[in-house]
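Reading through the structure tokens given below for one structure.
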2 protein chains.
Amino acid sequence: MQKATIKDVSERSGFSITTISRVLNGNYPVKKETREKIMKAIDELNFSRNSSARNLRTKKSNLIGLVVADINNPYYSKIAKKIDDGLFEKGYNLLVCNTDESEEKEKRILSTLQDKDVDAIVISPAAKNIELLRQLTDAGTRIVLIDRNMGILDIPFVGSDNFSESKILTEYLIQQGHQKIMFVSGTDKAITAQDRLFGYKAALEENNLQFDEKNVVKGYYKQEDAYKNTYTFLTNNLKSDEPCTAIFSSNNLMTIGIIQAIHELNLRIPQDISLVSFGQLDSQEIIEPKVTCIKQNIEQLAKSTLEKTIEALDDNKSNIDSNIIRDSLEIGTSVKNLNK
Amino acid sequence: MQKATIKDVSERSGFSITTISRVLNGNYPVKKETREKIMKAIDELNFSRNSSARNLRTKKSNLIGLVVADINNPYYSKIAKKIDDGLFEKGYNLLVCNTDESEEKEKRILSTLQDKDVDAIVISPAAKNIELLRQLTDAGTRIVLIDRNMGILDIPFVGSDNFSESKILTEYLIQQGHQKIMFVSGTDKAITAQDRLFGYKAALEENNLQFDEKNVVKGYYKQEDAYKNTYTFLTNNLKSDEPCTAIFSSNNLMTIGIIQAIHELNLRIPQDISLVSFGQLDSQEIIEPKVTCIKQNIEQLAKSTLEKTIEALDDNKSNIDSNIIRDSLEIGTSVKNLNK
DNA sequence: GTGAAAGCGCTAACAT
DNA sequence: ATGTTAGCGCTTTCAC
């Protein structure tokens, strides 16, 4: 059974394809009676428009590309959900792409999205790939950066102030008497990873504490890597003269890996080692111990991203302002107060 | 700056558009020298194919529709990730759609996907909408059912044996001495919700325990509804003569809501009330108490789904076998043994 | 208010 | 090995 085309509807209803198209688009006056007859034919033939043909003519795909490291990260899946919720009713669909933090894959994704003529791309870039984004905007594709800024002035950004929040979180640890703080870092290429590390460093410096490169462990924003590397690090570090008393995890996924490593080493949080996380754990309310963290305002982030995307799709409003979402320090029970 | 077309490449390179197309598709012999010249022109013009035009001709979109209740549910986002991982290299992209368990929305989604000429749809149906799926298969769209079967014999299915697993989980509670077991159910229209309830009933019956409709509380597979309705139910129930001693949650999201309700009522698990869950919690390893559950083999499910999808896309292999994934009973510390 | 016809960018059958 | 051309299904200009 072949799909009915506008021509079939034309033949069945006796009107020209032009009129069918007008009924379909509803952007042109058509006699009521005519419309009804056509609607009937559409119904009987179970006709539905071919998007490819339509896109080809109109140069609009009604597709939004969402490019993130991993859709399996609740941080991103929440954004995905929100955008879909807000844009489905407007006729858009969401094309989800995972970079896996690979710069090379990101390139291929962006190229594919360009081929597919997506109307907009919402992206949390794996790397600072400015040229590619520029190419896309030149070709008319609207872009919204989330989570990871790139300092491109004419592209709107929605995300956290990673430097400041990270500094706040580190300062909290210092306040509680911690001086040797292990830092589990993200991917080198992500600007957030750099900013979070800078925030940590800045807090140390301001408190006259020595930054020690050896205490920085790479976790690549991945649970598994964080687990392995934390396990190895702690195994050695805890035997040393001045072991770390706390761990700073620079994202939610790695925090889980770190907790697993701590469990495996038969350590208790916070009695044996303290832990803070940049980014809350999903369903954190029911996790024991409650991890002290920078709680990212994901609801707000998702909402702003949706708004920015809608604006970006609107030819008349080209709002290129950035939107820095304020996060909050949420005190849990994962940090031991060493001052007592 | 307008996007370059195949015609531009033709003009720049001096070859006909056919030859360009052949170089692009690589399915036809082209002289090496010619190819190189053309590649150069493609590069210089930063040309990339227009998918709409291509789809229109070939009737292939290289799009896979993924239709689930909520991409924010880790169960589904893991599947999404796996499919994307496996299919991106083959040139496919994933169109993610959320039904929010709404039958009406599902209809609109399927209609949109049909318009977009998706090559295949991977769907966990919100309702038993057989006619619509039939329409799609008639039009040549390949379909893979996940999670929720519909008893359509010629459409492949990948998912759990909900009835049996649910029975096993209920039997475990009975073994531990529980007789009054609250059941938090999913959406009426989802077959999994029915099967899980049937499994629960069957276990009760086989153990000569009375099924009591009053102990079934609707949670609609949603965290928030489960939270509210459990809270209300427990508030009344615990004052009654014979209060429930255990709760059976029929999915992972609701389990979180239920735990929240329990916390709010200042009850302890398992001392005051026991809890089991159909479907594990995400990062369950680090949650206290560890919830006894049917641990769904999501890795395997995702893997099988990917395989089935690849098969479905292949015209030569039309494998319509179902693939029932074996889950496992994972004993945690959330159930009190009443026999002691 | 309605219709005829051009053409979006590409692929593939046919021709050379 | 390369080119010519028809046409996928739709929107849109122009004509009536």
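Lettering of chains follows the sequences in order, A, B, ..., and the numbering in each one begins at 1.
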Heavy-atom contacts, protein to nucleotides 5-12 of chain C, under 4.0 Å, summarised as B (base), S (sugar-phosphate only) or - (none) per nt, yield BBBBBBBB
Is the CD atom of A:Gln300 crowded by more than 12 outside heavy atoms at less than 6.0 Å? yes
Show me the pairs that pass salt bridge (charged side-chain N to carboxylate O under 4.0 Å, His left out) and involve residues 49-74 of chain A, at least two apart or across chains. A:Lys60-A:Asp119
For B:Ser21, enumerate each residue passing the side chain to side chain contact (heavy atoms under 4.5 Å, CB included) test, keeping only those at least two apart in sequence or located in another chain. B:Ile6, B:Asn25
Return the angle between end axes of the helix from C:dG1-D:dC16 to C:dT16-D:dA1, with five pairs used per end and rounding to 10°. 30°
Heavy-atom contacts under 4.0 Å between residues 108-118 of chain B and DNA chain D, which residues? none
Under 6.0 Å from the NZ atom of B:Lys189, do we count more than 12 heavy atoms belonging to anything else shown? no
Please report, to 0.1 Å, the donor-acceptor pairs under 3.5 Å made by any side chain of residues 29-42 of chain A, with sequence neighbours excluded.
from, atom 1, to, atom 2, distance (Å)
A:Arg35, NH2, A:Val30, O, 3.3
A:Lys40, NZ, A:Glu44, OE2, 3.1

Please name all residues satisfying side chain to side chain contact (heavy atoms under 4.5 Å, CB included) with B:Glu307, sequence neighbours left out, ordered by chain then number. B:Lys303
Using a strict 4.0 Å threshold on nitrogen-to-oxygen distance, state whether B:Lys81 and B:Asp85 make a salt bridge. yes
Would you call A:Glu89 and B:Arg108 a salt bridge, using N to O less than 4.0 angstrom? yes
Sorted by chain and number, sequence neighbours left out, side chain to side chain contact (heavy atoms under 4.5 Å, CB included) with B:Asp154 holds for B:Arg134, B:Ile152, B:Ile320
Can you confirm whether A:Glu299 is buried at CD, in the sense that more than 12 heavy atoms of other residues, nucleotides or ligands lie under 6.0 Å from that atom? no
Just jot down the salt bridge (charged side-chain N to carboxylate O under 4.0 Å, His left out) partners of A:Lys82, sequence neighbours excluded, or say none. none
Cation-aromatic face contact A:Lys3/A:Phe47, 6.0 Å, 45 degrees: no
Quick one: list whatever passes side-chain hydrogen bond (donor to acceptor under 3.5 Å, both in side chains) with B:Asn27, sequence neighbours left out. none
Interatomic spacing from OG in A:Ser304 to NZ in A:Lys308 - rounded to 0.5 Å: 7.0 Å
Take atom NZ of A:Lys78 as the centre, draw a 6.0 Å sphere, and report whether it contains more than 12 heavy atoms from other residues, nucleotides or ligands. yes
May I ask you to list the residues of residues 28-36 of chain A, by number, that have any heavy atom positioned under 4.0 Å from an atom of DNA chain C? A:Tyr28, A:Pro29, A:Val30, A:Lys31, A:Thr34
Students should find that the nucleotides of DNA chain D closing off the region near chain B, any atom under 4.0 angstrom from a heavy atom, are D:dA1 to D:dG9
